[in-house]
2 protein chains.
Amino acid sequence: MCDTCHGLEHGHGHGTGHGEGRGDCHCKLSGKVERFIQPCLLLSLLQHSSHGYELLERLSGFRFYPGAPDTGAVYRHLRRLENGGYVESHWETGDAGPAKRIYSITPDGQDMLEAWIEEFRDRKSAMEDFIEKYERSSR
Amino acid sequence: MCDTCHGLEHGHGHGTGHGEGRGDCHCKLSGKVERFIQPCLLLSLLQHSSHGYELLERLSGFRFYPGAPDTGAVYRHLRRLENGGYVESHWETGDAGPAKRIYSITPDGQDMLEAWIEEFRDRKSAMEDFIEKYERSSR
DNA sequence: TTTTTCTATCTGATAGTAGCATATAGGGCA
DNA sequence: TGCCCTATATGCTACTATCAGATAGAAAAA
């Protein structure tokens, strides 16, 4: 159990410093992935700060989401990331329309994104191996 | 809902022929992945027929499973695949030890595996895009 | 002015999965 | 007799995804 897996309910911190917290957790070992919402949110926020409704649209730009991702999931993951300290937010009531909660990525969030990138490289090569194995077997 | 997602409970078939059934199902659209157990089982069985306990060990050879995959999950997925017609089995009581249920891949199963390969290619390139996007953003 | 629509955030309910533990049972061996 | 290994299978719980709906401000249409 760690904040990466389900930080919404148990906010018991994520280690003693940056870049930790992905070691003893089974979510790392077993490859649990939470549908890529979190890394996509983090990368979007690295590009520029944004609010949920806008992130919802920007997420469609990632090829993991051919259709629009679920509204509830996006807001819940943002909250979860905030509880873990990976993003932070403030309310913006200035301009037109309802108030927006603007999210920004934190240094911890940047570390987490970097860990995701590493994970993606691993997965990518595991898939390459799989495909190669298949081609050797079916040929 | 389709057999790819959860064919254990609802055995309502998978379309009218081979290679179908991955179209209207949300599991395809949203990228649900079921931990790669099913494709790994299918590829293992393509290489040669085998029983659950042996497959359990062979699954560790895939880089998706750094540790041993869950026993229960493997047997349940095998049952699920059999209900969908993607694998078939017979009991083997001949040699030493308890009886083994030997599984083999069916033509439908081979089609399913091929669909998985396509999915993996998609995912792989989606991850490459993601990584590239990250590198452009952080540079 | 009233209603509808769009933006925006958030919650509730349900179905399905992963992971862990446990149950069952045959066979070898000490 | 008791213990370990092989082999299959089920029960339970925590968690996730998905769908649906609630809330609410503001603009546009009627």
Side-chain angles (χ1 to χ4, degrees), chain A residues 1-10 25-38 40-41 50-59 64-80 82-83 89-103, chain B residues 1-10 25-38 40-41 50-59 64-80 82-83 89-103:
Chain A
M1 314 276 181
C2 74
D3 290 308
T4 307
C5 304
H6 23 74
L8 190 57
E9 289 74 24
H10 333 290
C25 176
H26 70 274
C27 81
K28 170 68 185 218
L29 291 169
S30 55
K32 199 168 200 177
V33 80
E34 284 189 324
R35 263 355 198 13
F36 307 115
I37 288 185
Q38 293 198 6
C40 290
L41 287 173
S50 190
H51 60 280
Y53 195 79
E54 194 185 61
L55 286 164
L56 202 62
E57 292 166 1
R58 294 173 62 196
L59 247 54
F64 303 112
Y65 296 96
D70 183 61
T71 319
V74 167
Y75 286 109
R76 268 193 267 246
H77 276 292
L78 282 169
R79 186 68 70 86
R80 198 170 298 191
E82 185 164 32
N83 285 347
S89 72
H90 66 271
W91 284 97
E92 200 167 284
T93 45
D95 44 309
K100 295 163 186 147
R101 193 196 274 265
I102 309 285
Y103 286 93
Chain B
M1 314 276 180
C2 74
D3 290 309
T4 307
C5 303
H6 21 74
L8 190 57
E9 289 75 23
H10 333 288
C25 175
H26 71 272
C27 81
K28 169 67 185 220
L29 291 169
S30 56
K32 198 170 203 176
V33 80
E34 283 188 325
R35 264 357 199 12
F36 307 115
I37 288 185
Q38 293 199 4
C40 291
L41 287 173
S50 189
H51 61 280
Y53 196 81
E54 195 186 59
L55 286 163
L56 202 61
E57 290 166 3
R58 294 174 61 197
L59 247 54
F64 303 113
Y65 297 96
D70 183 60
T71 319
V74 167
Y75 286 108
R76 268 192 268 247
H77 277 292
L78 282 169
R79 185 69 68 86
R80 200 169 297 191
E82 185 164 34
N83 286 346
S89 72
H90 66 271
W91 284 96
E92 200 167 284
T93 46
D95 44 308
K100 296 164 186 146
R101 193 195 275 265
I102 309 286
Y103 287 93

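First the proteins, then the strands, lettered A, B, ... as listed; each starts at 1.
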Locate the shortest heavy-atom distance separating B:G52 from B:V74; write the atom from each residue and the value.
O-CG1, 4.2 Å
Rounded to the nearest 0.5 Å, what separates atom CG in B:L59 from atom CG in B:D70?
11.0 Å
Scoring nucleotides 1-6 of chain D by protein non-hydrogen atoms under 4.0 Å (B base, S sugar-phosphate only, - none) yields -----B
Residues passing the side-chain hydrogen bond (donor to acceptor under 3.5 Å, both in side chains) test with B:E54, sequence neighbours excluded, are B:S50
Sort me out a list of protein N/O and nucleotides 9-13 of chain D N/O pairs below 3.5 Å, or just none if empty.
from, atom 1, to, atom 2, distance (Å)
D:dA9, OP1, B:R79, NH2, 3.4
D:dA9, OP1, B:R101, NE, 3.2
D:dA9, OP1, B:R101, NH2, 2.9
D:dG11, O6, B:R76, NH2, 2.4

Can you tell me how far apart NE2 (B:H77) and CG (B:L55) are? Round to the nearest 0.5 Å.
13.0 Å
With rounding to the nearest 0.5 Å, note down the distance linking CG in A:L56 to CG in A:L41.
9.5 Å
Euclidean distance, atom CG of residue B:L41 to atom P of C:dA18 [Å, nearest integer]:
11 Å
Looking at every non-hydrogen atom in both residues, tell me the closest pair between A:R79 and A:Y103 and how far apart they are.
N-OH, 4.4 Å
Euclidean distance, atom CZ of residue A:F36 to atom P of D:dT16 [Å, nearest integer]:
15 Å
Expressed as a whole number of angstroms, how long is the span from B:I37:CD1 to C:dT17:P?
11 Å
Would you kindly give the CD-to-C1' distance between B:E92 and D:dT8, to the nearest whole Å?
15 Å
Between B:H51 and B:R101 the two heavy atoms that sit nearest each other are CB-O, 3.1 Å
So do the side chains of B:Y53 and B:K100 get within less than 4.5 Å of each other, counting heavy atoms only?
no
Rounding to a whole Å, what distance do you find between A:R80:CZ and C:dC10:C1'?
14 Å
Presence of B:H77 side-chain N/O under 4.0 Å of C:dA18 phosphate oxygens OP1/OP2
yes
Axis-to-axis angle between the two ends of the helix from C:dT1-D:dA30 to C:dA30-D:dT1 (five base pairs per end, rounded to 10 degrees):
20°
